[in-house]
Each structure stands twice: as structure tokens, then as C-alpha cells.
Amino acid sequence: MLSVTLLLLGMLFTARGTGAQLVTQPDGHISVSEGNHLELRCNYSYGGSINLFWYVQYPSQGLQVLLKYLSGTTWVKGIKGFEAEFKKDENSFHLMKASAHWSDSAKYFCALCDTVPESAGGAEQKPSQTL
């Protein structure tokens, strides 16, 4: 059975904010047998409103958005069978896939971006765009 190798790296985007922000991915490098359940952990520390993202970078390619949490439902479905669960009370946004495939071997990035509150003195939020 083939092994899927995943490298995890955290990213932090700061749009505007007053509080300290931190993204951690406790598992720096994991291997999963093909066909097994895959879970990549992401924890964050921030007290305000945030958007959360998972990115993937396949060998010799640029970053691609796997999925993003902007608001609403706590389960987010992404591309290629990936999904994540936003748990505000646990400050976590773990990425999951029911059955890992050899083509999932890549670098994975969890990212946080704070949001601009509506009452920020005339600042306006632009519509979301795919990166």
C-alpha cells in the first residue's frame, strides 16, 4: 500500500486588527497510508472575527485554495474530497478527507485573516475572491 506524505505549514494574513493572532499546525509532517482517513490539525488564537483558509501546494505548482470558512455553517466542503470543521469554542479548523490518495502528497497551509468590522469608520469589505 502506498504512503501519502503531507507537509504542514501555517500562514497568517493580517488585514487589520488589534489583537495578537497565531496559527499553529501541531503536526509538522505526517504520513498516511493510501485509502486511510486523513486529518490535518490547525489551531488558532484570535479573539475577533476571522476568516480561515486551507491551501495546498503540489510539487512544482503554486498555492491553491482547498477551502475557506467565511461565516455560517461549521462544516466546509472543499475541492478533491477535502472538508474542514470550524470549532470556535476549541479555536480549531481541522482539514479532513475520508480516503487519502497518493495524489494528495503536498504541502498544506492553514491560514487566518481577520475581518474588518462594519463600524470601522467607513472601511468597506470587498467581496471574496478566489486566490
Side-chain angles (χ1 to χ4, degrees):
M1 187 167 271
L2 294 174
S3 176
V4 178
T5 301
L6 308 163
L7 180 63
L8 306 172
L9 302 166
M11 294 187 347
L12 174 66
F13 299 116
T14 304
R16 258 216 262 215
T18 56
Q21 303 170 359
L22 178 66
V23 174
T24 57
Q25 292 177 243
D27 312 307
H29 184 267
I30 66 169
S31 293
V32 177
S33 295
E34 188 170 19
N36 285 352
H37 174 81
L38 161 61
E39 182 173 356
L40 308 178
R41 298 182 297 159
C42 175
N43 299 306
Y44 66 90
S45 175
Y46 185 67
S49 297
I50 57 169
N51 296 326
L52 292 161
F53 303 83
W54 272 101
Y55 293 88
V56 62
Q57 185 175 27
Y58 297 104
S60 302
Q61 294 184 20
L63 288 177
Q64 297 176 34
V65 177
L66 272 179
L67 50 80
K68 58 188 171 184
Y69 172 82
L70 302 177
S71 66
T73 181
T74 59
W75 276 101
V76 181
K77 292 191 184 271
I79 62 172
K80 300 186 179 188
F82 284 95
E83 56 187 15
E85 183 176 15
F86 171 64
K87 292 184 178 179
K88 185 174 183 174
D89 58 328
E90 295 178 13
N91 290 345
S92 68
F93 190 55
H94 301 330
L95 183 69
M96 292 166 254
K97 187 171 184 180
S99 180
H101 189 267
W102 66 267
S103 63
D104 296 324
S105 293
K107 295 178 184 174
Y108 290 81
F109 302 86
C110 181
L112 174 154
C113 177
D114 63 351
T115 60
V116 179
E118 281 186 47
S119 61
E124 69 180 52
Q125 207 167 353
K126 293 185 178 181
S128 300
Q129 296 178 342
T130 303
L131 300 176

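Sequence positions, counted from 1, serve as the residue numbers for this chain. FYI, side chains are in, hydrogens and waters are out, and symmetry mates aren't considered; it's all heavy atoms of this structure. Quantities reported herein were computed from a predicted structural model and do not represent experimental measurements.
Considering every non-hydrogen atom in both S99 and D104, the closest pair reads O-OD2, 4.4 Å. A pairwise comparison of heavy atoms in S105 and P59 identifies O-CD, 3.9 Å as the closest pair. Listed here is the closest heavy atom pair of S103 and Y58: O-CE2, 3.3 Å. Across K97 and G81, no two heavy atoms sit closer than the pair CG-O, 3.7 Å. Closest heavy-atom contact between K68 and V76: O-CG1, 3.2 Å.
Here CD1 of I50 is found 5.0 Å from CZ of F86. Values are rounded to the nearest 0.5 Å. Remark: L38 CG to S33 OG distance equals 11.5 Å, nearest 0.5 Å. Atom CG of residue L52 and atom CG of residue L95 lie 12.0 Å apart, to the nearest 0.5 angstrom. Distance CZ/F53 to CZ/F93: 9.0 Å, rounded to 0.5 Å. The OH atom of Y108 sits 15.5 Å away from atom OH of Y55, with the distance rounded to the nearest 0.5 Å.
The stretch residues 69-79 participates, sequence neighbours left out, in these side chain to side chain donor-acceptor pair (under 3.5 Å) pairs: K77-E83.
Taking the side chain as every heavy atom from C-beta outward, L70 and N51 approach each other to under 4.5 Å.
Among the candidates L66, I79, V65, the single residue satisfying the side-chain contact (heavy atoms from CB on, under 4.5 Å) test with V56 is L66.
With sequence neighbours excluded, the residues forming a side-chain contact (heavy atoms from CB on, under 4.5 Å) with K87 are E85, D89, E90, S92, listed by chain and number. Every residue meeting the side-chain contact (heavy atoms from CB on, under 4.5 Å) condition with E39, not counting sequence neighbours, appears here in chain and number order: H37, R41, H94, M96. Take Q61 and apply the side-chain hydrogen bond (donor to acceptor under 3.5 Å, both in side chains) test, not counting sequence neighbours, and it matches Q64.
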